[in-house]
Chemist: 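Take a look at this one; I'll ask things after.
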Amino acid sequence: MEYRDLIEEALKFRENAYAPYSNFKVGAAVIMDDNKIYGGCNIENASFGATNCAERSAIFSAVSKGNRNLKAIALVGDTSTYTYPCGICRQVISEFCDENTDIILVKNANDYVIKKIDEILPGAFTKKDLQK
Ligand code: THU
């Protein structure tokens, strides 16, 4: 699958990052199973724990619009290396993805790697673990 548009969207949304405390801007974009794309950025807060990461901003936007099925998510940070999702975001991704969902770690438009949830969150705690 060609991810150029998704990556462009993540780069575009990174410009909206509100990161006055860390000065680390992150952008994310998701493509859902209806092929719609939603973007997000990190949004920090003076009460640091209230910060929302870019991936969660993008996913929450898609879910709020009624789509819960992630085909792929692209993530771009503010360094010359690939930025991996934080632990909380891995958990949120796992709620709405399946084993085939592409998790795209972007350095720039021409340089990215693709991971699957099982590689970055093995043994995830999911819905099925709530069965008694
Ligand atoms: N951040 C993200 O947006 N996504 C991640 O997966 C890693 C961390 C943000 C949170 C905070 O605003 C800044 O990066 C530094 O931690």
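Counting starts at 1 for both ligands and their atoms, following the listed order. Throughout, numbering of the chain's residues begins at 1 and tracks the sequence.
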Chemist: Would you say that Ile103 contacts Lys116 through its side chain, given a criterion of any heavy-atom pair below 4.5 Å between the two side chains?
Modeler: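 No. Closest side-chain heavy atoms not under 4.5 Å.
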Chemist: Below 4.0 Å, non-hydrogen atoms only: which portion of Cys53 touches ligand 1? Side chain, backbone, both or neither.
Modeler: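 Both backbone and side chain of Cys53 come within 4.0 Å of ligand 1.
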Chemist: What atoms of ligand 1 come within less than 4.0 Å of a heavy atom belonging to Thr51?
Modeler: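 That gives atoms 12 (O) of ligand 1.
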Chemist: Under 4.0 Å, counting heavy atoms only: does Tyr21 come that close to any atom of ligand 1?
Modeler: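 No, that is not the case, since the closest heavy atom of the residue is not under 4.0 Å from the ligand.
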Chemist: Just which atoms of ligand 1 are under 4.0 Å from any heavy atom in Glu55?
Modeler: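 Listed by number with element, the hits are 2 (C), 3 (O), 4 (N), 5 (C), 6 (O).
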Chemist: For the residue pair Lys71 and Asn35, confirm or rule out a side-chain donor-acceptor distance under 3.5 Å.
Modeler: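 There is such a pair between these side chains.
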Chemist: What distance do Ile73 atom CD1 and Tyr3 atom OH have between them, rounded to the nearest 0.5 Å?
Modeler: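 If I round to the nearest 0.5 Å, the distance is 11.5 Å.
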Chemist: Could you tell me which atoms of ligand 1, counted from 1 in the order shown, lie closer than 4.0 angstrom to a heavy atom of Tyr84?
Modeler: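 So the atoms of ligand 1 that pass are 6 (O).
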Chemist: Take Ser22 and Glu44 through the test side chain to side chain donor-acceptor pair (under 3.5 Å) and record every step on the way to the result.
Modeler: CA-CA 8 Å; Ser22 71; Glu44 298 186 345; 2.5 Å; yes
Chemist: Does any N or O in the side chain of Asn108 come within less than 3.5 Å of the main-chain N or O of Asp111, such that one atom is a donor and the other an acceptor?
Modeler: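 Yes, the answer is positive, given that a donor and an acceptor are paired below the 3.5 Å cut-off.
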Chemist: How long is the span from the OH atom in Tyr84 to the SG atom in Cys89, to the nearest 0.5 Å?
Modeler: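 Going from the OH atom of Tyr84 to the SG atom of Cys89 covers 15.5 Å.
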Chemist: Looking at atom 3 (O) of ligand 1, what's its closest protein heavy atom, distance included?
Modeler: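 Result: Ala54 N, 3.0 Å.
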Chemist: Check if Pro85 has a non-hydrogen atom at a distance under 4.0 Å from any atom of ligand 1.
Modeler: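 Contact check Pro85 vs ligand 1: positive.
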Chemist: Check each atom of ligand 1 against the heavy atoms of Glu44 and keep those under 4.0 Å away; list them by number with element.
Modeler: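 Close to Glu44: 11 (C), 12 (O), 13 (C).
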Chemist: Give the atom numbers and elements of ligand 1 that come within less than 4.0 Å of a heavy atom of Cys86.
Modeler: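 Listed by number with element: 5 (C), 6 (O).
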Chemist: To the nearest 0.5 Å, how far apart are OH in Tyr82 and OH in Tyr112?
Modeler: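 Between atom OH of Tyr82 and atom OH of Tyr112 there are 10.5 Å.
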Chemist: Under 4.0 Å from a heavy atom of Ser22: give me the atoms of ligand 1 that qualify, with their elements.
Modeler: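 In order of numbering, the contacting atoms are 13 (C), 15 (C).
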Chemist: Provide, to 0.1 Å, the distance between atom 9 (C) of ligand 1 and the closest protein heavy atom, together with that atom's residue and name.
Modeler: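 The protein heavy atom lying closest is Asn42 ND2, 3.6 Å.
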Chemist: If I take atom SG from residue Cys97 and atom CD1 from residue Ile117, how far apart are they, to the nearest 0.5 angstrom?
Modeler: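 These two atoms lie 4.5 Å from each other.
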Chemist: Any non-hydrogen protein atom below 4.0 Å of atom 16 (O) of ligand 1?
Modeler: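 So far as the 4.0 Å threshold goes, atom 16 (O) of ligand 1 is out of reach of every protein heavy atom.
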